Amino acid sequence: MDRVHQSKRIGKEASDEKRIFCTACAAEPSLFISLLDTRSGKQHRLFKCECGKIVWDD
């Protein structure tokens with residue numbers, strides 16, 4: 001039986017390893033909220049930086 005390691009991606013799965021940076025201060029913001037578009041199945045993530053800026057990840 002074949003096994004797939006969790007670190008290997010299969011197909012066109014989204015990578016959570018994509019790093020996001022604030023456009024105002026270049027710091028790495030923390031995840032604020034995650035939204036799911038049920039029509040398209042796409043997940044949108046909002047990040048909030050320490051400087052107060054909210055950054056979208058599309």
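In this text the structure is predicted, and so the values were computed from the model without any measurement. Residue numbers run from 1 in the order of the sequence given.
A distance of 7.5 Å separates CG of Leu35 from NE2 of His44, quoted to the nearest 0.5 Å.
Residue Phe21 shares its hydrophobic cluster (ILVMFWY side chains chained together at separations under 4.5 Å) with no other residue.
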**Request:** Walk me through it: do Trp56 and Leu46 pass the test side chain to side chain contact (heavy atoms under 4.5 Å, CB included)?
**Result:** CA-CA 5 Å; Trp56 286 80; Leu46 284 128; 3.6 Å; yes
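Shown here are the side-chain contact (heavy atoms from CB on, under 4.5 Å) partners of Thr23, two or more places apart in sequence or in another chain: Lys53.
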Under 3.5 Å, side-chain donor or acceptor atoms of residues 24-34 against the rest of the protein: list the pairs with distances, not counting sequence neighbours.
unit_1: Glu28; atom_1: OE1; unit_2: Arg19; atom_2: NH2; d: 2.9
unit_1: Ser34; atom_1: OG; unit_2: Gln43; atom_2: NE2; d: 2.4

